[in-house]
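Reviewing the structure listed below.
Owing to the predicted nature of the structure, the values given are computational and were not obtained by experimental measurement. Every chain is numbered from 1, with letters handed out A, B, ... down the list of sequences.
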2 protein chains.
Amino acid sequence: MESSAKWVVNEDELLACCGSTKFAKHMAALSSFSNLHHAVESATNIWFNQVDVYGWLEAFSAHPQIGQSPSSSHVGETFAQWSKGEQSTAMKSATSTTLQELTDWNARYKQKFGFVFLICASGRSTAEILAELKRRFSNRPVVELEIAAQEQMKITELRLAKLFSAKSSTDVATEY
Amino acid sequence: MESSAKWVVNEDELLACCGSTKFAKHMAALSSFSNLHHAVESATNIWFNQVDVYGWLEAFSAHPQIGQSPSSSHVGETFAQWSKGEQSTAMKSATSTTLQELTDWNARYKQKFGFVFLICASGRSTAEILAELKRRFSNRPVVELEIAAQEQMKITELRLAKLFSAKSSTDVATEY
């Protein structure tokens with residue numbers, strides 16, 4: 001008989017991975033998942049083919065500006081903690097000058113595109129993030145929308161891995 | 001000395017061409033225009049490079065579902081009249097069956113994409129519009145967003161031509 005651990009995830013857990021309610025509902029409806037790969041595959045399909053543009057914008061709006069902490073009352077404690085963790089490399093490498101420049105460019109970006117600059121920040125320095133922001137700033141709004149959606153998917157994938165890892169530890173603790 | 005008739009357009013006139021306030025403000029700031037070609041070129045640049053995705057969605061929301069009349073109190077009298085005129089070929093070729101099918105598919109479209117099905121309807125029959133709706137329905141949301149933006153630009157171009165033509169008649173009447 002096959003060993004097929006089934007991972008059950010609920011809407012709140014999914015909203016900590018990606019702040020689109022449509023995404024969370026569609027994923028929760030497919031739950032349970034046989035493994036992380038199965039969950040990521042389902043999430044990718046839902047995010048790019050089923051979540052509409054309003055859902056993408058909703059997910060983007062859950063993120064703080066790079067360099068700032070999200071309000072946990074707005075997005076939940078797990079989302080806020082994960083967001084802080086993903087930005088830890090950037091924050092360690094930041095100076096008051098680069099942080100100020102990041103704040104200024106974030107404001108210009110939001111003014112042009114209507115949503116925050118979104119990047120999978122894990123492991124990236126402030127200088128790298130700033131260079132990427134400046135490079136992407138010249139894009140057409142719809143091109144930038146699609147890039148931001150791809151970055152959101154990278155973030156979602158990392159967070160699903162964290163979620164499954166946490167669930168796995170809990171299961172082990174419970175079963176043995 | 002060159003003859004250079006200057007066309008001045010205001011925000012209200014521009015909103016009748018395209019219901020994005022950002023579009024209307026940017027265009028009005030560039031007014032006046034030396035000719036229709038100049039206006040269309042400016043409008044195309046503003047629409048695709050400067051109006052953000054929220055502005056696109058705002059413009060889409062000014063349109064009625066194909067087969068329905070917009071409320072003139074919502075979008076203004078000129079927008080409503082032009083919209084009705086652009087759909088006249090479709091309405092002449094419509095039967096109660098095709099109209100019902102169009103209503104059903106419009107609802108499915110809105111459910112999937114979050115905005116109304118947008119098409120430059122001028123000269124198109126109901127059957128053509130319905131076939132196009134069904135074909136486009138399988139697109140990814142972001143692909144459909146871009147197609148809808150292209151259709152909106154075609155509509156804007158047609159309406160700018162009407163606006164300039166109306167202004168031209170007025171000028172002639174005034175000057176001679």
- For the residue pair Val53(B) and Trp56(A), establish whether any side-chain heavy-atom pair is separated by less than 4.5 Å. no
- Neighbour count >12 (heavy atoms, 6.0 Å) for atom NZ, Lys110(B): no
- Message: Can you confirm whether Leu57(B) sits close enough to Tyr54(A) that some side-chain heavy atom of one is under 4.5 Å from a side-chain heavy atom of the other?
- Response: yes
- Task: Treating Ile, Leu, Val, Met, Phe, Trp and Tyr as nodes and any side-chain heavy-atom pair under 4.5 angstrom as an edge, say whether Leu158(A) and Leu15(A) lie in one connected cluster.
- Result: no
- Any chance NZ of Lys112(B) has more than 12 other-residue heavy atoms, nucleotides or ligands included, within less than 6.0 Å? yes
- Candidate pair Phe115(B) and Asp52(A), rule side-chain contact (heavy atoms from CB on, under 4.5 Å), full reasoning: CA-CA 9 Å; Phe115(B) 47 82; Asp52(A) 63 25; over 6 Å; no
- Quick one: which residues of residues 145-152 of chain B reach chain A at under 4.5 angstrom, heavy atoms only? Leu145(B), Glu146(B)
- Message: Is Val143(A) in contact with chain B via its backbone, its side chain, both, or neither, using a 4.5 Å heavy-atom distance?
- Response: neither
- Residues of residues 38-45 of chain B with a heavy atom under 4.5 Å from any heavy atom of chain A, in residue-number order, are none
